[in-house]
Amino acid sequence: MTEFKVTPWNVEGDIDYNKLIEQFGTQPIDDKLIDRVKSLTGEVHPLLRRKIFFSHRDFDWILSKYEKGEEFALYTGRGPSGHTHLGHILPWIFTKYLQDAFGCELWFQLTDDEKFVLSPQLSIEDTIKYSYENALDIIALGFDPKKTRIFSDISYAKTMYKHALQVAKKVTFSTAKAVFGFDNSTNIGLIFFTSMQSVPAFLPSIMHKKKIPVLIPSAIDQDPHFRITRDVAEKMGYYKPALIQSMFLPSLEGPNSKMSASKQNSAIFTVDTPKQARKKIMNAFTGGCSTLEEQRVKGGDPTVCTIYQYLYILFEHDDEKLNEIKRRCMSGEEMCGNCKKYLAEKVVTFLKAHQERREAAKDRLDEFMISD
Ligand code: TRP
């Protein structure tokens, strides 16, 4: 059995997502839920249709509220430890779809405090700088400025702090240790931090002075934080936030390698040039054989191929085209080079458009950012 580990600060190994659902105690996204979304909104984003968002807590409850005519708000976030890569924007793309489909207000937290206390290398100035850089990517994705509030913890702390204290008072060190695996060497900033990550789940209710249901789209690794948030929510007079949780975009270097900012070739960053992006894709780990000859005979294995995963998860929405790619790969008709080029063109097209919007976002920060 291969070991894997998923915590908010560390993701390792070959993840068995079904096992993770069991370990974390969340619910799988099933076809019934997907049909419900379809009947409510008329469209289902491929990230949900393909169950990249595969897990939830109380998403059914959120839909029931919505069916009764009650609005809900969205909350998501980003830890600004570096430039944004495609794995980060996966949940944000889905969040944008949810905002459009359900007409939701969105609260977007940038945890410059968290990344400062977490990372030995980053200064406060660094994480503040990356809050700004990451905010440009968020804005570039096209969120509705009338309904979207982006804030960094350091800049919005005065508003958030008294609510964070309310959370902190209800969470013991022994709970934090059990949930996050803290020990005596953990710095006390990190121990307190989960209180700050809880607050935006309550901000819609606080700001509108009534109880508002909140849905948090995120990658599954954030679940431990929100177990705590859900634990304290009702004691503080709010609804428990609902969660909808995604898998991770795999590293370009292969299934057991982590995608991270420190390994530049493992991921495509939104600030990469088309040339850099192409090169990373052309060097990526595939499910192909070691020689063309062998591949013609045996075919490739899409299940372990990062190129296929990128197409499946983000870049090929057309099921027929995707199935054809899979068939040609497995039958040995297609060679990896062509598939790589196919993905590279899609990625470069996305990057060019994104980078234009990202540039334009520099003049639009005021439309989105809030601070004390
Ligand atoms: N802690 C998250 C990270 O390291 C950032 C974050 C804050 C977040 N609030 C969130 C992510 C809500 C998802 C949902 O990236």
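Both counts, for ligands and for their atoms, begin at 1 and track the order of listing. All figures in this text were calculated on a predicted structure; none of them were measured in a lab.
- Side chain of Asp126 to main chain of Phe116: no donor-acceptor pair is present (N/O by atom type, distance under 3.5 Å, no hydrogens or angles).
- Ring centers of Phe102 and Tyr66: under 6.0 Å apart, within the cut-off.
- A heavy-atom cutoff of 4.0 Å around ligand 1 is satisfied by the protein residues Tyr75, Thr76, Gly77, Arg78, Gly79, Gln109, Thr111, Glu114, Lys115, Gln197, Ile216, Ser218, Gln222, Phe226.
- For an aromatic pair to be called close, the ring centres must be under 6.0 Å apart, and Trp92 with Phe143 fails this.
- Both tests hold for Lys177 against Phe173: distance to the six-membered ring centre under 6.0 Å, angle to the ring axis within 45°.
- Looking at Gln309, its side chain never comes within 3.5 Å of a backbone N or O of Val304 through a donor-acceptor pair.
- Residues meeting the salt bridge (Lys or Arg N to Asp or Glu O under 4.0 Å) test with Lys326, sequence neighbours left out: none.
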